[in-house]
Amino acid sequence: MTSMAAAPQAAQQTTFESLDPATGAVVANFPVHTADDVRRAVERARPAAAWWRELGFDGRKTRLRAWRSIIASRLDEFAELIHRENGKPVFDAIGELSIAVEHLDWASGAAAKVLGRRRVGSGLLAMNQSASVEYLPYGVVGVIGPWNYPVHTPMGSISYALAAGNAVVFKPSEFTPAIGKWLVDAFAEVVPEQPVLQLVTGFGATGNALCTAGVGKLAFTGSTATGKKVMAACAPTLTPVVIECGGKDALIVAADADLEAAVDAAVWGALSNAGQTCAGVERVYAVASVYDEFVAGVTREAAKVRGGADAGADYGPITMPGQVEVIRQHIDDAIADGGRAVVGSPDSVQAPFVQPVVLLDVPEHSVAVQEETFGPTITIAKVRDEDEAIELANASRYGLGAAVFSAKGGRAIAERLSCGCVSINSAISFAMVPELPFGGVGDSGFGRIHGADGLREFAWPRSVTSVRFPAPLKVTTFKHPKSARVLVTRLVKARWGRGRS
Ligand code: NDP
């Protein structure tokens with residue numbers, strides 16, 4: 001990858017600078033860790049993982065909550081750093097941190113209940129035995145994070161992996177390494193004994209090295225294309241992966257929608273964080289009866305939103321310089337395909353900033369509708385009815401999130417959407433709820449972060465049975481009585497052979 005921050009990547013390059021995307025000022029300098037460096041970090045993490053696991057759920061909870069308190073008490077300092085290195089406004093950085101600490105707190109508190117040993121029913125055939133299951137940490141988990149939510153997104157894996165008892169080696173994006181270092185340094189203040197959470201920095205090759213360094217599991221967030229490379233790198237060692245890629249999330253406006261709320265959610269969902277949100281709103285399908293009023297509302301409200309570096313700006317620059325060209329291309333293609341901009345134009349792209357662009361009449365085959373734009377743009381299409389809206393929303397290779405606006409039919413529409421998360425009468429709310437699993441289907445990836453599923457993602461189940469008393473009818477032996485065959489046959493027929501339901 002080439003970038004302003006990561007300048008031409010010479011093979012012998014040993015350090016790189018991270019830059020303020022708004023000004024180009026140097027934020028920090030970091031080593032490019034080699035494959036050997038990464039392997040050594042994973043080796044150091046192994047005894048640390050064993051030590052961390054021995055602390056138990058309560059011991060880990062105490063440390064993780066101390067870490068949470070450090071992040072919360074230094075919110076302003078951390079938010080300033082996020083503003084400088086990622087570019088987002090300080091208020092947005094505070095919002096991101098507030099969600100991250102909620103997740104950290106929930107994961108640390110829920111781990112014992114979700115992962116600790118619990119009895120399960122043993123069923124008729126093993127009625128003489130007790131049965132239990134517990135979830136054990138993988139050991140060392142590798143986390144490869146993105147730059148768009150440089151705390152909230154990787155912490156969706158890191159918090160849950162640590163709460164489950166794993167050590168973590170974290171490779172942040174080359175665009176946001178100082179933010180990653182802040183997190184790791186703060187963790188070391190509450191866990192000074194062992195390198196339970198380590199940082200490795202560099203480019204894609206460093207991330208690739210983490211996949212092959214002997215980690216027990218790899219959690220990746222980023223593009224679908226790189227997600228496939230990560231899976232391929234993990235395949236030879238059967239290293240399990242959780243892959244959280246982007247989306248092309250749709251917002252559906254039904255005939256009975258609260259239009260003011262729908263307009264507000266569409267504008268915020270599409271433009272906040274300069275549209276650099278994996279579950280951001282990229283497409284809107286509004287039914288014909290409310291389309292004109294909805295478009296008028298979005299046009300009015302989106303025109304008031306402004307990207308910039310000053311304190312009054314609603315969102316910041318495009319963090320990854322290369323993304324600006326992708327956004328420009330999508331706008332150009334949409335217009336070339338017959339679309340029209342009612343807010344903004346191709347001139348709205350003024351690197352490193354992109355001002356809001358609202359596009360109408362863009363054909364469904366256009367890249368602006370098919371591919372993830374990851375910029376402050378939105379397409380709005382008029383549809384006949386809710387059925388057509390659902391059909392078009394589902395006609396995407398992605399399936400991360402969606403939003404539905406309807407007074408009465410929100411749940412019925414949500415149930416027909418092929419995606420991992422849906423917000424009814426709001427946008428992206430599911431990401432704020434620690435108990436809800438987050439992730440997608442199709443090209444949006446698989447596996448889940450957050451919630452009980454997110455904790456189980458970083459642990460493997462061990463099932464145990466234990467004999468409590470001799471079996472009345474022992475079938476798992478060559479020494480079973482001759483009558484066993486008759487008895488078992490009768491039993492199965494009596495239990496399951498009658499009726500059809
Ligand atoms: P990438 O998928 O290339 O990068 C994501 C992370 O993976 C970064 O830490 C990156 O490191 C690392 N990486 C890159 N190559 C490899 C590799 N071969 N093996 C292991 N790790 C690797 O995304 P980009 O940052 O290039 O963004 C491109 C597009 O991805 C965006 O336009 C957007 O559509 C999507 N995206 C989605 C995100 C989401 O939240 N789902 C987040 C970010 C991007 P490094 O940065 O050092 O190259």
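Given the structure is predicted, the values throughout are model-derived calculations rather than measurements. Whatever order the structure lists ligands and atoms in, that order sets their numbers, starting from 1. Along the sequence shown, the residues carry numbers beginning at 1.
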Are any of the heavy atoms in [X] under 4.0 Å away from ligand 1?
{"X": "Thr153", "answer": "no"}
{"X": "Asn148", "answer": "yes"}
{"X": "Gly202", "answer": "yes"}
{"X": "Tyr149", "answer": "no"}

Can you name the atoms of ligand 1, numbered from 1 with element, that are less than 4.0 Å from a heavy atom of [X]?
{"X": "Cys245", "value": "41 (N)"}
{"X": "Cys278", "value": "39 (C), 40 (O), 41 (N)"}
{"X": "Gly145", "value": "6 (C), 8 (C), 9 (O)"}
{"X": "Glu244", "value": "41 (N)"}
{"X": "Gly207", "value": "19 (N), 20 (C), 21 (N)"}
{"X": "Phe203", "value": "47 (O)"}
{"X": "Gly246", "value": "41 (N)"}
{"X": "Phe220", "value": "2 (O), 5 (C), 6 (C), 7 (O)"}

What do we get for [X] next to ligand 1 when only non-hydrogen atoms under 4.0 Å count, side chain, backbone, both or neither?
{"X": "Ser173", "answer": "both"}
{"X": "Gln323", "answer": "side chain"}
{"X": "Thr221", "answer": "both"}

Next on the checklist: Show, in sequence, the C-alpha distance, side-chain angles and deciding distance for Thr379 and Glu282, and conclude whether the side-chain contact (heavy atoms from CB on, under 4.5 Å) test is met.
Outcome noted: CA-CA 7 Å; Thr379 63; Glu282 299 225 351; over 6 Å; no

Next on the checklist: Looking at Arg411, I'd like to know if its CZ atom is crowded, meaning that more than 12 non-hydrogen atoms belonging to other residues, nucleotides or ligands lie closer than 6.0 Å.
Outcome noted: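 Not more than 12 within 6.0 Å, no.
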
Checklist entry - What is the distance from atom CZ of Phe16 to atom CG of Asn29, rounded to the nearest 0.5 Å? => result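 The distance works out to 8.5 Å.
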
Item to check | Interatomic spacing from CD in Glu372 to OG1 in Thr224 - rounded to 0.5 Å | outcome: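 Going from CD on Glu372 over to OG1 on Thr224, the span is 7.0 Å.
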
Parallel, tilted or perpendicular: which describes the rings of [X] and [Y], with under 30° parallel and over 60° perpendicular?
{"X": "Trp52", "Y": "Phe187", "answer": "perpendicular"}
{"X": "Trp147", "Y": "Phe175", "answer": "perpendicular"}
{"X": "Trp182", "Y": "Phe78", "answer": "parallel"}

Checklist entry - Looking at Asp333, Val326, Ile327, which hits side-chain contact (heavy atoms from CB on, under 4.5 Å) with Gln329? => result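 When Asp333, Val326, Ile327 are each tested with Gln329, the side-chain contact (heavy atoms from CB on, under 4.5 Å) holds only for Asp333.
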
Checklist entry - Is Lys229 close to ligand 1, meaning an N/O of one under 3.5 Å from an N/O of the other? => result no

Indicate every side-chain donor-acceptor pair of residues 425-434 with a distance under 3.5 Å to a residue at least two apart or in another chain.
from: Asn425; atom 1: OD1; to: Ser406; atom 2: N; distance (Å): 3.0
from: Asn425; atom 1: ND2; to: Ser406; atom 2: O; distance (Å): 3.1
from: Ser426; atom 1: OG; to: Ser429; atom 2: OG; distance (Å): 2.5

Next on the checklist: Under a 3.5 Å distance rule, please check whether Glu85 uses its side chain to pair with a backbone N or O of Ile179 as donor and acceptor.
Outcome noted: yes

Validation: residues 346-353 side-chain donor-acceptor distances under 3.5 Å, sequence neighbours left out:
from: Ser348; atom 1: OG; to: Ser345; atom 2: N; distance (Å): 2.9
from: Ser348; atom 1: OG; to: Ser345; atom 2: O; distance (Å): 3.0
from: Gln350; atom 1: NE2; to: Asp347; atom 2: O; distance (Å): 2.8

Item to check | Closest to atom 13 (N) of ligand 1 among Leu210, Leu218, Thr226 (heavy-atom distance) | outcome: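 Result: the heavy atom closest to atom 13 (N) of ligand 1 is in Thr226.
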
Item to check | Residue selection (non-hydrogen contact nearest atom 27 (O) of ligand 1) among Met231, Met320, His152, Lys228 | outcome: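 Minimum heavy-atom distance to atom 27 (O) of ligand 1 goes to Met320.
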
